[in-house]
*Asks:* 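This is the structure I want to talk about, given as structure tokens.
Residue numbers begin at 1 in each chain, while the letters A, B, ... track the order of the sequences.
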Amino acid sequence: MDEEPERAKRWEGGYERTWEILKEDESGSLKATVENILFKAKRKRVFEPHGQVRLGMMRHLYVVVDTSRTMEDQDLKPNRLTSTLKLLEYFVEEYFDQNPISQMGIITTKNKRAEKLTDLAGNPKKHIADLKKAKDTTCVGEPSLYNSLSLAMQTLRHMPGHASREVLVIFSSLTTCDPANIYELIKSLKALKIRVSVIGLSAEVRVCTVLTRETGGTYHVILDESHYKELLQYHVKPHPASSSSECSLIRMGFPQHTIASTCDQDSKPSFSMAHLDSSGSGPSLTLGGYYCPQCRAKYTELPVECKVCGLTLVSAPHLARSFHHLFPLDPFTETPLQDYQGEKFCQGCQGELKDQNVYMCTSCQSVFCVECDLFIHESLHCCPSCIHSQPNPPGI
Amino acid sequence: CRLNIDGLLVYFPYDYIYPEQYSYMLELKRTLDAKGHGALEMPSGTGKTVSLLSLIVAYQRAFPLEVTKLIYCSRTVPEIEKVVEELRRLIDFYEKETGERSSFLALALSSRKNLCVHPEVSSLRFGKEVDGKCHSLTASYIRAQRHSDSSVQTCRFYEEFDALGRQVPLPAGIYNLDDLKSFGRRRGWCPYYLARYSILHANVVVYSYHYLLDPKIADLVSKELAKKSVVVFDEAHNIDNVCIDSMSVNITRRTLDRTQSNIETLQNTIQRIKDTDASRLQEEYRRLVEGLKEANVARETDVYLSNPVLPDEILQEAVPGSIRSAEHFVGFLKRLLEYLKSRLRVQHVVQESPPQFLKDAFEKVCIDRKPLRFCAERLRSLLRTLEIADIADFSAVTLISNFATLVSTYSKGFTIIIEPFEDRTPSIANPILHFSCMDSSIAIKPVFERFQTVIITSGTLSPLDIYPKILDFRPVTMASFTMTLARACLCPLIVGRGNDQVAISSKFETREDIAVIRNYGNLLLEMSSVVPDGIVAFFTSYQYMENIVASWYEQGILENIQRNKLIFIETQDAAETSMALEKYQEACENGRGAILLSVARGKVSEGIDFVHHFGRAVIMFGVPYVYTQSRLLKARLEYLRDQFQIRENDFLTFDAMRHAAQCVGRVIRGKTDYGLMIFADKRYARADKRGKLPRWIQEHITDSSLNLTIDETVQLSKHFLRDMAQPFKEDQLGLSLLTLDQLQSEEMLKKIAQIAHQI
């Protein structure tokens, strides 16, 4: 059989054929276009400031992970499951980093049923540990969208009205095996104001389109692994709260971390309340910890909801970190390097500005390189030179 | 918005316009200006209907003397309704823009079954029953009888209409079938007869092909339509077959048996009338002596659309003496019937031309050509005279008499084939006489001759140049339009080999090959695991589908496919198929996913649209050639070769490819839709096949999508589906969707000029 050379081989199929967008410049060099592609990839993250809208900051999110037969497909390396779990670990960390007063749980679905991998909780450690364990699960049968959603719904429906109830489905299969009409379920999800978003790993499935459209979520399908990561990243930020969600004042406790010194006669090692029910794992007897200001129950980690009196326990920095979502840093203006007059040094890293574009803060006119721009917007959430110019930063 | 199409002000009821619509209207305007005929191909889902309507309506308003009427022919009732809705939108827009109530009258016309409001009659299930029952209530002599005998049933709706309906024209407006019915109920007038009467002065008439092409119906309904009309045949890719079917006659033993009883009834009735009311027959006889003068006068003054079943010559002559009296005519029919019966008693296949048939008839039973010709007319006259109420019962004898007239009128373009049994079941005697029309231009000729502009249009009309040949007309414009797209939403792939490098093809030598069948199975299996929701697969014939599915079952492929999707199968039973279709759509809707196995040229391939998730992929297994061993086809091919210089192979390929295009075209029903088109046969890669696909599909076939293996197909499909699943930003504006300003830019006009591809 005579093969035509331009046809993609099987092993090439999965890759983007980037050479198709490459173009030589006048001197015949490819460097410019290659740089351009790399550069665009860096800047890809679109800044979509919501403006002044109410955000659902106290998030209760269930992540539903499809572990059906299709997860063994090898179009993501090494396979869909491993890749997904790895990305999810990263997602869990990011999620709790950006949303400290939120909670998350994980549900897996295979073989036409759904089961909880982790309960709704505010602690990333347990989720990550369980995700790591899940790597060895065998992927069999078909997923059930209905069962997983109703499992998530059972818990989420009891969440308070001011909290946002969300489900994120990682859906690899193209089919779902449901015990009942899923459109009925979608109606009740809508009534309970549970927002369902879907990330599809293979193609657009009608029922997911309807599901997300009805419940106000988003539906994306991945192109490749980096796009997958980006889509997950999109779900890290809190979404605007629906206007109909309740407003209420929440009682919160800010426990101090007390370390009982060994010389203190009264100090006794005690159990953390959080560890009581999760039998076995972790050091259960500790000396110090956070004590609930209302009932004196002890916890080793924050944030947490007090098991005894139901008070939400957080620390001040947690709240502060959630705060920046409400007042996002304005995107910097992009100007080509040759148009920019002034010192060609980045205010952030003090390196020389070499890329095509420089980024300028709209309030203090400082310039930054691409890397610093990304770092500032993704992690710092405030412009370092603005802070620097103000001796007393606005109180948090 | 208001458009300026080549100097004509056109109101277009949408804010945005597709570039191809503009281009389409330009071509249409040119055709109307030239008062000629045209053939235009534009992909479905690009607003063909609204472009047609808005241009022609604008033309009517600008030049009311040039174009008086638009006759829009579509194929099915839902399509007719859609056209009316578009038109309603357009006229509403006119009223809003001009601020005056328009005096525009447009209406849809359909059969009695769809329009009847009589409580008893409309509850009947079959069209034929409704027609028959209606006739028995509204025939003139029935109504005359009622004057003397009030126990005779009549239809009060018809009575009301007859008394009042003709004086007051139908008020201006747009009427679909339901509007007509509710109007009819309100006034107590029969909607069917009202519509039939109103089409004479309506500005736009929307009805089915048959009202114009089928000589029996056209004679009743469309005879008096004005010459200065524009006729549009939408979805016209199969128009030649419609023409042929409307002129062909099939006679089986059953037909003859029913004719026999018909004739007996006729004889008894004649006898009875003779005893009671001999003057009636006398009167008829006198009329027949005078001949068909009236019809002749009408034709000469060009008042009527001519009827191909009623040839010119017979109008000038009186009905021949041998069949003038009713008894003689019945005797004549009996003789004809006996002759046909004897012809059906054959042991081998006979094929002969009409002259041969006539000669044989003359020799065997002394039936002359001349009385045969008058047969249809004579029978109609007799039925009228005998005042037979339920005309539906006489369909058999009417068929025979039509056959007699046709066979004696046309010596060319027809063939007679008598087969003693079906090819598939040679042991069961089932003789059938096909009187087959081979020349599609015969039925459509009066239409082309009578109306100043006839437009033939469809989503798949490629290759365009063959239609003028087989329909025998000279178009002034022939153009094919492509779809401008903001994203490449269709993905045609030609699969030529399995993963084992065995070529896959449905050609006769390899169709039983186990490797080919297995590869077809693998293709479907692989596709079922990457394509979401619905897949429609087309086979070349029911028989081939049965064979393949059976061996898939044995090989266990079917079981594997069912792990991914449910499987539904189209059968020859209409009820079963519509059930399967319903369940198929349900499965697509709730995320289970489904595959519909169907057959090219079947019901699914012609009339059902698979929008969005109902069809994300179409797989065409093999090239849907017609069954080439059929004698009818062979005769037609021979005729086409001799008369129109169309080579057999060209016609066969053309026919196969238009059906393939029809099938795959089912998935793309608009610009936001997307779908895979998989041609699973090596032969599609050849230029002679590929070149016959519509241009809007062809331009998406690149060299890298030819002769793929199954694996490559799966990879490309995955890639395509992921791309298409990305949010579709509404950035088609300016590219494939234009505002008025954008349309007027110099650059865009240049681009638009490229969309139309003149032939």
*Asks:* Is A:Leu211 in contact with chain B via its backbone, its side chain, both, or neither, using a 4.5 Å heavy-atom distance?
*Replies:* neither
*Asks:* List the atom of B:Val530, the atom of A:Ala203, and the distance in Å for their closest heavy-atom pair.
*Replies:*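 Shortest heavy-atom contact: O-CB, 4.3 Å.
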*Asks:* Work out which heavy atom in B:Arg722 is nearest to a heavy atom in A:Val221; give both atom names and the distance.
*Replies:*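 What the structure gives for the nearest pair is CG-CG1, 4.2 Å.
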*Asks:* Applying side chain to side chain contact (heavy atoms under 4.5 Å, CB included) to B:His613 and A:Val210, what does each step give before you reach the verdict?
*Replies:* CA-CA 11 Å; B:His613 56 290; A:Val210 177; over 6 Å; no
*Asks:* Quick one: does B:Arg616's side chain get under 4.5 Å of A:Arg206's, heavy atoms only?
*Replies:* no
*Asks:* Measure distances from B:Phe614 to the heavy atoms of chain A and classify the residue's part below 4.5 Å as side chain, backbone, both or neither.
*Replies:*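 It is neither, since no heavy atom gets under 4.5 Å.
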*Asks:* Need one label for B:Val714: side chain, backbone, both or neither, based on atoms under 4.5 Å from any heavy atom in chain A.
*Replies:*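 Answer is neither: B:Val714 stays 4.5 Å or more from chain A.
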*Asks:* Can any side-chain N or O of A:Glu204 pair as donor or acceptor with the backbone N or O of B:Leu721 at less than 3.5 Å?
*Replies:*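 Pair absent, no side-chain N/O of A:Glu204 close to backbone of B:Leu721.
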*Asks:* Under 4.5 Å heavy-atom distance to chain A, tell me which part of B:Ser705 shows up: side chain, backbone, both or neither.
*Replies:*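 For B:Ser705, neither part sits under 4.5 Å from chain A.
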*Asks:* Considering all heavy atoms of both residues, which atom of A:Val205 and which atom of B:Pro532 are nearest to each other, and what is their separation?
*Replies:* CG2-CB, 4.0 Å
*Asks:* Could you check whether atom NZ of B:Lys682 has more than 12 heavy atoms from other residues, nucleotides or ligands sitting under 6.0 Å from it?
*Replies:*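 Open: at most 12 neighbouring heavy atoms sit under 6.0 Å from NZ of B:Lys682.
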*Asks:* Within this structure, what is the CG-OG1 distance for the pair B:Asp533 and A:Thr209, rounded to the nearest 0.5 Å?
*Replies:*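 Result: 7.5 Å between the selected atoms.
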*Asks:* Do B:Arg592 and A:Leu174 come close enough that some side-chain heavy atom pair is under 4.5 Å?
*Replies:*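 Side-chain contact under 4.5 Å: no.
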*Asks:* Looking at A:Tyr183 and B:Glu589, what are the two nearest heavy atoms and their distance?
*Replies:* OH-O, 2.5 Å
*Asks:* Any chance CZ of B:Arg690 has more than 12 other-residue heavy atoms, nucleotides or ligands included, within less than 6.0 Å?
*Replies:*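 For B:Arg690, atom CZ is crowded (more than 12 foreign heavy atoms under 6.0 Å).
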*Asks:* Crowded around A:Lys190 NZ? As in, over 12 foreign heavy atoms under 6.0 Å?
*Replies:* no
*Asks:* Counting only heavy atoms not in A:Glu214, do more than 12 sit closer than 6.0 Å to its CD atom?
*Replies:*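 It does: A:Glu214 CD has more than 12 such atoms within range.
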*Asks:* Is the shortest heavy-atom distance from the side chain of A:Leu223 to the side chain of B:Asp723 under 4.5 Å?
*Replies:* yes
*Asks:* Select one option (side chain, backbone, both, neither) describing which atoms of A:Asn181 are under 4.5 Å from chain B's heavy atoms.
*Replies:* neither
